[in-house]
Asker: 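Pasting a structure here, questions to come.
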Protein chains: 2
Amino acid sequence: MQVLRAMKSTSVSNEKDRAESPESNQSGKREQTKLANRAAILEAGRQIFAELGYEGTTVRDIIRRTELASGTFYNYFKSKEEVFHALHDDGVARFKPLLRAARENAGQDFQAFMITAFGAYFQFLLNDQTIDREMAAMPEWTRVRFDTPESLALFDELKGDIVAFATEFKLDHVDPELLTASCVGIAQEIGDRLLRGRIKDIQAAARFAAYFVLGGSQRVQSEMQA
Amino acid sequence: MQVLRAMKSTSVSNEKDRAESPESNQSGKREQTKLANRAAILEAGRQIFAELGYEGTTVRDIIRRTELASGTFYNYFKSKEEVFHALHDDGVARFKPLLRAARENAGQDFQAFMITAFGAYFQFLLNDQTIDREMAAMPEWTRVRFDTPESLALFDELKGDIVAFATEFKLDHVDPELLTASCVGIAQEIGDRLLRGRIKDIQAAARFAAYFVLGGSQRVQSEMQA
DNA sequence: ATACGATGTTGACGCGCTGTCAGCTTTTCG
DNA sequence: CGAAAAGCTGACAGCGCGTCAACATCGTAT
């Protein structure tokens, strides 16, 4: 059963919409169903992953929480991995503007950028319904990490920002690759501890990370040029 | 077929060993077989994981590369996950003495400790036959990360060392939890890039990381007490 | 309104993996 | 040597996987 049929009973919108706004979005019934099905699978996936963990969930678990037949799943995703990637990319996409805002607001102030960026990341991790948040909360020993193209694009953007600031501040002996890697590593590891409650104070963590990176960069610069 | 039987044909040692050294190690035939079987499974696991990736391998793949029957696997491990953990822990156990050596040799020199420790880690990652090395080389988007008790013990040991140095150097406003997290994050992220060839120079990377941590800690100390 | 192709859904199917267990072989020990 | 213990073996039931022929629904031309 397509999910649209199930929703019809509770939903007020129907064919009239199409009559009133004939060329609004893709609002053929077919398109609507596709969107609804995809959304249903993603939502079911989010729930099941949170309950069973990545390893523990099966495509069947996901589809079972849905009104769809098992075969339908494969019209939308190749595997549970692809579902997870989509969920993950959602999170990345929601975070991206926050990073951009941090850069806009910081102007030429490297320190402000770092504090805002780390703060935004930690805040985002803890508050936003990102799939990674759910997963990190699980007490598993075997974790999964995702490097989707979307993630990598975010890293690249971050690297661009960092290079710009590094140039501005004459950090010409600081390898941007290493610097970006360090920032990412720090963010991930501290973020992980925040999610597990080993660390509590987000603002303190953000300031720590920011000062750490600033001090680290400068020290590397002075040591490396010697 | 137990692997011992297979080895017998090429192995010279046999019952005589037991007669000659009756109470050497656990050298009952039974004990020997158990050791050999376990080792065979681990070795097969190492190969298969490297070939198929963590997600891609099945218990059957592992056991098939062995002369054992499928049921026997479960006398030794509960799942492929447990095999992987054992392999991972092997690596951790081999690295531990290197970290200890770094601390011994450094004496009171925090900088020397950091350079040696990071260097040892990167060297170890690239040279030692650790299972993680094999896996990171694979071009997957979905990675797996392991926090075994063994890993966590290593982190704790590292944290102890770091706290000792932090105390020595009056870094009393630097949260040890955050500092350790940062060191681990930096090591992991740079290590990852080394494994994938995005970064080449191990020594430069080690110095970068060490100076970064030193400078970072000091900056945090001075900012936080203000 | 009707009919017809296009599009998407359904669920049963064959295959392979999982973990178990009764039966058997090998080792240990008296 | 013989009996008991240990542990190996492979068949088995259960389940998840991805596919696909049959079917239902939608879009569109007449």
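Source: prediction; values computed, not measured. Every chain is numbered from 1, with letters handed out A, B, ... down the list of sequences.
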Asker: Return the value, rounded to whole Å, for the distance between atom CD of Gln32(B) and atom C1' of dA6(D).
Answerer: 16 Å

Asker: What nitrogen or oxygen pairs link the protein and nucleotides 17-20 of chain C at under 3.5 Å?
Answerer:
from, atom 1, to, atom 2, distance (Å)
dC17(C), OP2, Arg64(B), NH2, 3.2
dT18(C), OP1, Val59(B), N, 2.9
dT18(C), OP2, Arg60(B), N, 3.2
dG19(C), OP2, Tyr74(B), OH, 2.5
dG19(C), N7, Arg60(B), NH1, 3.4
dG19(C), O6, Arg60(B), NH2, 2.9

Asker: Donor-acceptor pairs under 3.5 Å, side chain of residues 92-101 of chain A to any protein atom, not counting sequence neighbours: which ones?
Answerer:
from, atom 1, to, atom 2, distance (Å)
Arg94(A), NE, Asp128(A), OD1, 3.2
Arg94(A), NE, Asp128(A), OD2, 3.0
Arg94(A), NH2, Asp128(A), OD1, 2.6
Arg100(A), NE, Glu157(A), OE2, 2.8
Arg100(A), NH2, Glu157(A), OE1, 3.0

Asker: When you measure from the side-chain N and O atoms of Tyr76(B) to the phosphate of dG7(D), is any distance below 4.0 Å, counting only OP1 and OP2?
Answerer: no

Asker: Considering only residues two or more places apart or on different chains, which pairs with a residue in residues 38-50 of chain B satisfy side chain to side chain donor-acceptor pair (under 3.5 Å)?
Answerer: Glu43(B)-Gln47(B), Gln47(B)-Arg65(B)

Asker: Separation of Ile41(A) atom CD1 from dG8(C) atom P, in whole Å?
Answerer: 13 Å

Asker: Scan residues 68-78 of chain B for pairs that pass salt bridge (charged side-chain N to carboxylate O under 4.0 Å, His left out), counting only residues two or more places apart or in two chains.
Answerer: Lys78(B)-Glu82(B)

Asker: Please identify each residue that fulfils ring-ring contact (aromatic ring centres under 6.0 Å, His included) with Phe113(B), with sequence neighbours left out.
Answerer: Phe165(B)

Asker: Starting at atom CD of Glu67(B), determine the distance to atom P of dC8(D), rounded to an integer number of angstrom.
Answerer: 14 Å

Asker: If the cut-off is 4.0 Å, is Lys29(A) near the phosphate of dT25(D), judged by side-chain N/O to OP1 or OP2?
Answerer: no

Asker: Any pair with a residue in residues 131-144 of chain A that passes salt bridge (charged side-chain N to carboxylate O under 4.0 Å, His left out), sequence neighbours left out, goes on the list, sorted by first then second residue, please.
Answerer: Arg143(A)-Asp192(A)

Asker: What is the distance, to the nearest angstrom, from the CG atom on Asn75(A) to the P atom on dA24(D)?
Answerer: 17 Å

Asker: Round to the nearest Å and state the distance from Glu81(A) atom CD to dG18(D) atom C1'.
Answerer: 16 Å

Asker: Ignoring hydrogens and angles, answer whether the base of dT28(C) and the side-chain atoms of Arg30(B) contain a donor-acceptor pair closer than 3.5 Å.
Answerer: no

Asker: Output yes when at least one side-chain N/O atom of Asn37(A) is less than 4.0 Å from OP1 or OP2 of dG8(C), else no.
Answerer: no

Asker: What verdict does the side chain to side chain contact (heavy atoms under 4.5 Å, CB included) test give for Phe84(B) and Thr142(A), after you've listed the backbone C-alpha separation in whole Å, the side-chain angles of each residue and the deciding distance to 0.1 Å?
Answerer: CA-CA 10 Å; Phe84(B) 202 105; Thr142(A) 302; over 6 Å; no

Asker: Rounded to whole angstrom units, what separation is found between the NZ atom of Lys34(B) and the P atom of dT27(C)?
Answerer: 14 Å

Asker: Determine the interplanar angle of the His85(B) and Phe146(B) rings, folded into 0 to 90°, and report it as parallel if under 30°, tilted if 30 to 60°, perpendicular if over 60°.
Answerer: perpendicular

Asker: CG of Leu35(B) versus P of dG7(D): gap in Å, rounded?
Answerer: 12 Å

Asker: Hey, does Phe77(B) reach any base, or is it just sugar-phosphate, or nothing, if we go heavy atoms under 4.0 Å?
Answerer: nothing

Asker: In whole Å, what is the span from the CZ atom of Arg38(A) to the P atom of dT9(C)?
Answerer: 13 Å

